[in-house]
Amino acid sequence: MPWVNKASEQYRKQNQTIVMLLPSDTSTAWFQEAMKTSHEARFITEGRLSFISAETGKEGKAGNSKGSVLFIWRPWRRLGCRMTYVQRKELLKKRCE
């Protein structure tokens, strides 16, 4: 919850877009708060993201047990979260371009 609250506060103060990658866990209070304060929830579909270890630079062995969502706060948009999606393969393809 502290990170979501900080993002909600900072996009206004800094007049910048803020993007957070979070687990897609709709049952949590922080998820509900992000839905109330962000402008877009972009769900990552058709697979899960693998996280990279900061120490080794390799994918974690445990994997990711949940799907992921990108919450996006934009300073020029009115509140009202729209829900979109992006396929995992398309997201990874853009990373490599």
Side-chain angles (χ1 to χ4, degrees):
M1 185 68 88
W3 291 104
V4 170
N5 289 339
K6 190 70 170 175
S8 178
E9 168 193 314
Q10 287 299 306
Y11 90 89
R12 288 187 212 95
K13 280 186 178 180
Q14 302 298 324
N15 198 33
Q16 293 180 343
T17 297
I18 295 175
V19 179
M20 293 180 76
L21 174 65
L22 296 168
S24 182
D25 189 350
T26 60
S27 66
T28 63
W30 58 260
F31 191 97
Q32 298 306 313
E33 185 63 22
M35 289 291 290
K36 288 179 196 170
T37 63
S38 69
H39 301 100
E40 182 179 351
R42 189 174 301 175
F43 291 88
I44 300 168
T45 63
E46 297 185 23
R48 295 181 180 150
L49 296 178
S50 297
F51 292 96
I52 307 297
S53 168
E55 292 145 4
T56 66
K58 296 181 181 179
E59 287 187 16
K61 292 181 182 177
N64 184 1
S65 64
K66 296 186 186 224
S68 299
V69 61
L70 294 164
F71 278 105
I72 305 167
W73 287 262
R74 294 183 179 97
W76 64 87
R77 298 239 3 222
R78 292 184 185 196
L79 283 180
C81 187
R82 70 180 187 147
M83 288 184 252
T84 63
Y85 70 92
V86 61
Q87 294 174 341
R88 179 185 176 272
K89 65 182 175 186
E90 290 300 316
L91 187 65
L92 294 177
K93 186 168 112 179
K94 289 179 185 192
R95 177 188 74 166
C96 296
E97 290 177 350

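Treat the numbers as computed from the prediction; the structure is a model and nothing was measured.
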Below 4.5 Å, heavy atoms only, C-beta onward: do [X] and [Y] meet side chain to side chain?
X	Y	value
Ser24	Lys66	no
Val69	Thr26	no
Val4	Phe31	no
Thr45	Val86	no

Legend entry - Check against side chain to side chain contact (heavy atoms under 4.5 Å, CB included), Trp3 and Met20: CA-CA 9 Å; Trp3 291 104; Met20 293 180 76; 3.6 Å; yes

Legend entry - Pairwise distance CD1(Ile72) to CZ(Arg82) - rounded to 0.5 angstrom: 8.0 Å

Legend entry - Lys13 NZ to Gln10 CD distance, which is reported to the nearest 0.5 Å: 5.5 Å

Legend entry - Counterpart residues, side chain to side chain contact (heavy atoms under 4.5 Å, CB included), relative to Asn5 (two or more places apart):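 Counting only residues at least two positions away or on another chain, Asn5 forms a side chain to side chain contact (heavy atoms under 4.5 Å, CB included) with Met1, Glu33.
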
Legend entry - Listed partners of Arg88 passing salt bridge (Lys or Arg N to Asp or Glu O under 4.0 Å), at least two apart: none

Inset, instruction - Answer with yes or no whether the side chains of Trp73 and Thr37 bring together a donor and an acceptor at under 3.5 Å. - result: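 Side-chain D/A pair, Thr37 to Trp73: present.
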
Legend entry - Between His39 and Tyr11, ring centroids under 6.0 Å: yes

Legend entry - Over all atoms of both residues, closest heavy-atom pair of Ile18 and Ala7: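 Distance-wise, the nearest heavy atoms are CD1-O, 3.5 Å.
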
